Amino acid sequence: MSLAAPGVRGLKPYQPGKSVEELEREQGLAGAVKLASNENPLGPSPLVVDAIHSIGMETVSRYPDGNGFALRRALAGKLGVSAEQITLGNGSNELLELAARTFVTDRHQIIYSQHSFAVYSLVTQAIGAEAAVTPALGWGNDLDAMAKAIGDSTRLIFIANPNNPTGTWVELQALSAFLDSVPSHVIVVMDEAYHEYVDAPDYPDSIAMLSDYPNMLVTRTFSKIHGLAGLRIGYGVSRPEVAELLNRVRQPFNVNGIALAAAEAALKDVDHVFKSRSVNKAGLVHLADAFDHLGLPYIPSVGNFISVDVKRPAGLVYETLLKKGVITRPIANYGLPNHLRVTVGTEEENRRFIEVLAEVLTTSEEVSS
Ligand SMILES: *Cc1c(COP(=O)(O)O)cnc(C)c1O
């Protein structure tokens, strides 16, 4: 429709993973397994469940704390920063959008990589900015290519570390060298939605790097390892000057009171995070071994998901898996038409997925590429 702003005219909405309810309704089956949206298969911490139960119902008639005082203080303590450095968001996706709306106009350019998170192109297009998409290197962000792409009109660079949907990560040395080369008119957003899962020794501590690189915004979320995807809460960590700008643009009550209380409780449960990480680690090994047995190449991942080359159009494999009650994610929209992204589930869920995948592969043709 011609009334739409120029950037919105060609915009295709984000496609979420199919829900268990939707699949069960469509296929008339029960007991479906969802490994499609990188949610925590263990769910939230029991401390979160208690915290939500103890919220008085009268709170729903009051506006939440628009400054998120208690949660920001708790996060600041945990991360070793000041509360003025934290910006809360309705999911970390909101921070990604806020960053673009705060620093970029339709006369500017945003850089992000091929095979990177779909929200980067969405927010870039929505504000009518120019997208400079750099080719991937080894499935991940090519920092040299990104540095070379920077021009006078560049205002923002999105780097997911680790990257979704490929699970690749950027190392400390490469990141420091890159940041040294970024001019002062460019904001670098380090999207660390999967930060808590990573145990690669060369994975950078980006928050510690804020003292050297004032133009960095680190975003994290309670949706992934903390198991609060349904509540929509994430945060940004930056220098106070950057946070103050983001705060001008965000909606006054962007995070609801239940999410604030739940997130605060989630931070206290170190054991739950630990357990979630170890279940994930074992699951990654389990899935990788199974792919090896099936002769399927996969992209080594440090996240809570792994993308596997099913050697034929993955959309068809996805559809057949659905009929058998397993929801995965085809990623042709990320430029990977033969890859399926699967979230690491519980041991039982992973086994079910592998069993069903093996069945599907024997009944469909491999296509050599
Ligand atoms: C899941 C994910 C997010 C987090 O989204 P929320 O809005 O916090 O739920 C952000 N970035 C990437 C790369 C992700 O995969």
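When a residue number appears, it is its place in the shown sequence, counting from 1. Ligands are counted one by one from 1 in listed order, and the atoms in each one are counted from 1 as well. Everything quoted here is computed from the prediction, not taken from an experiment.
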Do the side chains of [X] and [Y] get close enough for a salt bridge, i.e. N-O under 4.0 angstrom?
X      : Y      : value
Asp199 : Arg277 : no
Glu244 : Arg248 : yes
Glu319 : Lys323 : no

Go ahead and list the nitrogen or oxygen contacts between ligand 1 and the protein that come in under 3.5 Å, distances to 0.1 Å, or just say none.
residue: ligand 1; atom: 7 (O); partner: Ser92; partner atom: N; Å: 3.1
residue: ligand 1; atom: 7 (O); partner: Asn93; partner atom: N; Å: 2.9
residue: ligand 1; atom: 7 (O); partner: Asn93; partner atom: ND2; Å: 3.3
residue: ligand 1; atom: 7 (O); partner: Arg232; partner atom: NH2; Å: 2.7
residue: ligand 1; atom: 8 (O); partner: Ser92; partner atom: N; Å: 2.7
residue: ligand 1; atom: 8 (O); partner: Ser92; partner atom: OG; Å: 2.8
residue: ligand 1; atom: 8 (O); partner: Thr221; partner atom: OG1; Å: 2.5
residue: ligand 1; atom: 8 (O); partner: Ser223; partner atom: OG; Å: 3.4
residue: ligand 1; atom: 9 (O); partner: Ser223; partner atom: OG; Å: 2.6
residue: ligand 1; atom: 9 (O); partner: Arg232; partner atom: NH1; Å: 2.8
residue: ligand 1; atom: 9 (O); partner: Arg232; partner atom: NH2; Å: 3.3
residue: ligand 1; atom: 11 (N); partner: Asp191; partner atom: OD1; Å: 3.1
residue: ligand 1; atom: 11 (N); partner: Asp191; partner atom: OD2; Å: 2.7
residue: ligand 1; atom: 15 (O); partner: Asn164; partner atom: ND2; Å: 2.7
residue: ligand 1; atom: 15 (O); partner: Tyr194; partner atom: OH; Å: 2.6
residue: ligand 1; atom: 15 (O); partner: Lys224; partner atom: NZ; Å: 3.3

Ile159 vs Leu143 side-chain heavy atoms within contact, under 4.5 Å: yes
Is there a path from Ile306 to Val310 through hydrophobic residues (I, L, V, M, F, W, Y) whose side chains come within less than 4.5 Å of each other? yes
By salt bridge (Lys or Arg N to Asp or Glu O under 4.0 Å), Glu26 pairs with (sequence neighbours left out) Lys18
